[in-house]
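So you know, we letter chains A, B, ... as the sequences are listed, proteins then strands, and number each from 1.
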2 protein chains.
Amino acid sequence: MHDLPDPPGGARMRDVARAAGVSAMTVSRALREPARVSPEVRARVEAAVRAVGYVPNRLAGSLSSRRSDVVGLVVPSLENSLFAATVKGISDVLRREGFQLMIADSLYSPEAEEAAIRAFLEQRVAGLILHDTLHTEATARMIRRAGVPVVENGTVPAEPLDMVVSYSNREAAKAMTRHLARLGYRRVALVTLPSAANARSRDRRAGFLDALAELGRPSDPRLLLEMPPGLASGAEALARLTEGAEPPDAIFFAGDVLAAGAVLECQRRGWAVPGKVAIAAFDNVDLLAQLNPPVTTLRLPRGEIGTRSARMLLDRLAGRQSGPAVLDLGFEIIQRAST
Amino acid sequence: MHDLPDPPGGARMRDVARAAGVSAMTVSRALREPARVSPEVRARVEAAVRAVGYVPNRLAGSLSSRRSDVVGLVVPSLENSLFAATVKGISDVLRREGFQLMIADSLYSPEAEEAAIRAFLEQRVAGLILHDTLHTEATARMIRRAGVPVVENGTVPAEPLDMVVSYSNREAAKAMTRHLARLGYRRVALVTLPSAANARSRDRRAGFLDALAELGRPSDPRLLLEMPPGLASGAEALARLTEGAEPPDAIFFAGDVLAAGAVLECQRRGWAVPGKVAIAAFDNVDLLAQLNPPVTTLRLPRGEIGTRSARMLLDRLAGRQSGPAVLDLGFEIIQRAST
DNA sequence: TTGTATGCGTTATCAC
DNA sequence: GTGATAACGCATACAA
């Protein structure tokens, strides 16, 4: 909290009013509803605004009008570029509609998310977009009391707080697993990110298991692995899964850039992909298409999740949409040479 | 701008005061300077806060105190993961100090940057962090009038607005170019991102040319290329530079993931790196270390730029630091097998 | 240690 | 079409 440097140069609305020879109220109207002010007055106000270098104070405006043009966004991590596409989509829509974006990361911790949301509510954000779907009790209570609209993004939760825009992690993982089975792979392994605080990882594993059950295949615990994110981690996963007896003939890396790390490790070992082992990924990052071989993966609507989330939120704020809503944007399998 | 849902559940400070049997002013103090309130009163206030589910209104607080705990950040792109490390560093420091982060992208356009900054100033941010160093006249004027502290980040500009935290793109490019010469490469090509609206690209080219001049080598225009960002773009650059007569024996990709794209293209062509052509990059992204061969590059203090920028800004706000300051955080060459 | 009066800069409301 | 007045919810300054 520190000094706002208004004093010297900070012109207020009344300064503009004086310069234009009108009341402050007229300046306010001229700025927000130009149509409701006579053309000549409007021109005088606009000139005065430029003359004094007036920058409206939205803190005061929001306090008075009880409206806000700031949206709060919480992502699990600011470093993971997967979320970047969604953030970008959100930002694009908000900018076009004259809203501002306040952002924080939860570090995959519901408690940190709670703190971030509390801070946002103190700033009186107009609405929230949350990438995580796992929240503390206090978080849910705060949001309910505050009455702000919320869009959740990470997956389709069993009990949404309010609105949801996502794809189904479970269905996506299931679809890819069936795809691998259809291609003839008999022993498919699954690698996910740590699932403890990550509903998405859990959904993906559930989808994988759904598919195996449907196929009438037993699920072998030796074929299930959790790894931290990162390329090196993918290489490590490959090593572990292939060193035992009965190694998998295909590995489905359901998170981050693990698959890319594994393909690069195969290059180093001189292993043919998919000859020695097939590799599939979960997200359509550029790298996967450029690797040798290019990697089979899922196309997820990362950017669209952002734009649709922002639109849904703004629609609600504008009263253009009422109830809760769950939007499943689907996914697509991209078959490439790695499988 | 839309309705703040305070009315129903929105407890105000006076509601807490009533519940605690004290004045609103005492609640305010108990919350911000607990030490200056008697322990029993403090306890009563805290209980009342929980009882009524009070969430302070910082809009009102900031308006009254003329302070703000929001910092505005403008990055060229929200999608480029290179900036993510810096954003993360900024966010970490701000969180710890109880500040909030408002973010916008400039799309490499000074006009878009100006619009974002204007919006931030309307929100009465306490300070600004700008990744770009190229600003419109109006931007500079606005910031000066507003009197908010600013940290610039992208490179070390000739005429800083205020404070600067960066490394020198020019020196870094120069150092890598000399490094390649020292390794024995005779014809070194440079690939940068489009330099029109990008001071960093221009600085890097200048550094490259500095080194050539120092080495007494002519600069061959056939060895200078500008390409858009992306892996595919790097592959394309490789193709173009190697198809003519007198191809380079080393290519310095001074931007984005161009170098990685080029290495992957070499793999596809079965070209030995550095046998056929050596490849160097500009940023220490994970991928470069995992590629085959691992790629020589620069280690840039991306995260530290963020933390130091935020600290410098907060120091200024706290009055712990007065004048402008320019902090050059340096860089380091990472020699790997690709050169 | 606590309370009262006043103002922060804007907008809602209602008068003209 | 324009203006006067009273909030918005809190903190500063001062008094008790």
Side-chain angles (χ1 to χ4, degrees), chain A residues 1-18 20-45 48-49 52-69 121-124 126 146, chain B residues 1-18 20-45 48-49 52-69 121-124 126 146:
Chain A
M1 292 285 279
H2 265 280
D3 290 14
L4 282 182
D6 245 347
R12 295 146 303 172
M13 199 172 256
R14 73 167 60 115
D15 301 319
V16 177
R18 191 177 317 122
V22 296
S23 74
M25 198 53 231
T26 297
V27 173
S28 176
R29 269 193 287 258
L31 261 31
R32 294 177 305 133
E33 317 169 276
R36 300 186 47 165
V37 128
S38 78
E40 40 182 344
V41 166
R42 194 188 316 152
R44 290 218 310 276
V45 169
V49 163
V52 305
Y54 175 61
V55 177
N57 184 335
R58 295 221 184 275
L59 260 44
S62 289
L63 179 60
S64 177
S65 66
R66 306 172 64 82
R67 299 156 184 284
S68 159
D69 58 353
L121 293 179
E122 293 187 352
Q123 304 287 344
R124 293 302 187 265
Chain B
M1 292 285 278
H2 265 280
D3 290 12
L4 282 183
D6 245 349
R12 295 145 304 170
M13 200 172 257
R14 72 166 60 114
D15 301 318
V16 177
R18 192 176 315 119
V22 297
S23 74
M25 198 53 233
T26 297
V27 173
S28 177
R29 270 194 286 259
L31 262 32
R32 294 176 305 130
E33 318 168 274
R36 300 184 47 164
V37 130
S38 76
E40 41 182 343
V41 167
R42 194 188 317 153
R44 290 219 310 276
V45 170
V49 163
V52 305
Y54 175 61
V55 177
N57 184 334
R58 295 221 185 274
L59 261 43
S62 288
L63 179 60
S64 177
S65 67
R66 307 173 64 82
R67 301 157 183 284
S68 158
D69 59 353
L121 293 179
E122 293 186 353
Q123 304 288 344
R124 293 303 187 265

Atom pair [atom1]/[atom2] of [X] and [Y] - distance to nearest 0.5 Å:
{"X": "B/Gln123", "Y": "A/Ser62", "atom1": "CD", "atom2": "OG", "result": "6.5 Å"}
{"X": "A/Leu59", "Y": "A/Ser64", "atom1": "CG", "atom2": "OG", "result": "12.5 Å"}
{"X": "B/Ser23", "Y": "B/Met13", "atom1": "OG", "atom2": "CE", "result": "10.0 Å"}
{"X": "B/Arg67", "Y": "B/Arg58", "atom1": "CZ", "atom2": "CZ", "result": "12.0 Å"}
{"X": "B/Leu121", "Y": "A/Asn57", "atom1": "CG", "atom2": "CG", "result": "11.0 Å"}

side-chain N/O [X] vs [N] OP1/OP2, d < 4.0 Å:
{"X": "B/Arg67", "N": "D/dT12", "value": "yes"}
{"X": "B/Tyr54", "N": "D/dC10", "value": "yes"}
{"X": "A/Ser23", "N": "D/dG3", "value": "yes"}
{"X": "A/Arg58", "N": "C/dG9", "value": "no"}

Nearest-Å distance for atom pair [atom1]/[atom2], residues [X] and [N]:
{"X": "A/Leu59", "N": "C/dT11", "atom1": "CG", "atom2": "C1'", "value": "14 Å"}
{"X": "B/Asp15", "N": "D/dC8", "atom1": "CG", "atom2": "C1'", "value": "14 Å"}
{"X": "A/Arg66", "N": "C/dA12", "atom1": "CZ", "atom2": "C1'", "value": "11 Å"}
{"X": "B/Arg14", "N": "D/dA11", "atom1": "CZ", "atom2": "C1'", "value": "14 Å"}
{"X": "A/Met13", "N": "D/dT2", "atom1": "CE", "atom2": "C1'", "value": "15 Å"}
{"X": "A/Leu121", "N": "D/dG9", "atom1": "CG", "atom2": "P", "value": "15 Å"}
{"X": "A/Arg12", "N": "C/dG7", "atom1": "CZ", "atom2": "C1'", "value": "11 Å"}

Nucleic acid contacts of residues 25-44 of chain A, taken as heavy-atom distances under 4.0 Å to DNA chain D: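 Within this stretch, A/Met25, A/Thr26, A/Arg29, A/Val37, A/Ser38, A/Val41 sit under 4.0 Å of the strand.
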If each of B/Val55 and A/Ala24 is mapped to the nucleotide of DNA chain D with the nearest heavy atom, which maps nearer the 5' terminus, i.e. the 5' end?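 This one resolves to A/Ala24.
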From the set C/dT11, D/dC10, C/dC8, return the single nucleotide nearest to any side-chain atom of A/Ser64.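 So the side chain of A/Ser64 is nearest to C/dT11.
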Select one nucleotide: of D/dG3, D/dC10, C/dT10, the one nearest the side-chain heavy atoms of A/Asn57.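 Closest nucleotide among those given: C/dT10.
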With sequence neighbours excluded, what pairs up with A/Val49 under the side chain to side chain contact (heavy atoms under 4.5 Å, CB included) test?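 Testing A/Val49 for side chain to side chain contact (heavy atoms under 4.5 Å, CB included), a comparison that skips the adjacent residues, returns A/Val16, A/Leu31, A/Val45, A/Tyr54.
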Report yes or no: does B/Arg44 contribute a side-chain atom to a donor-acceptor pair with the main-chain N or O of B/Ala20 at less than 3.5 Å?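 Indeed, once roles are kept as given, a pair shorter than 3.5 Å links the two residues.
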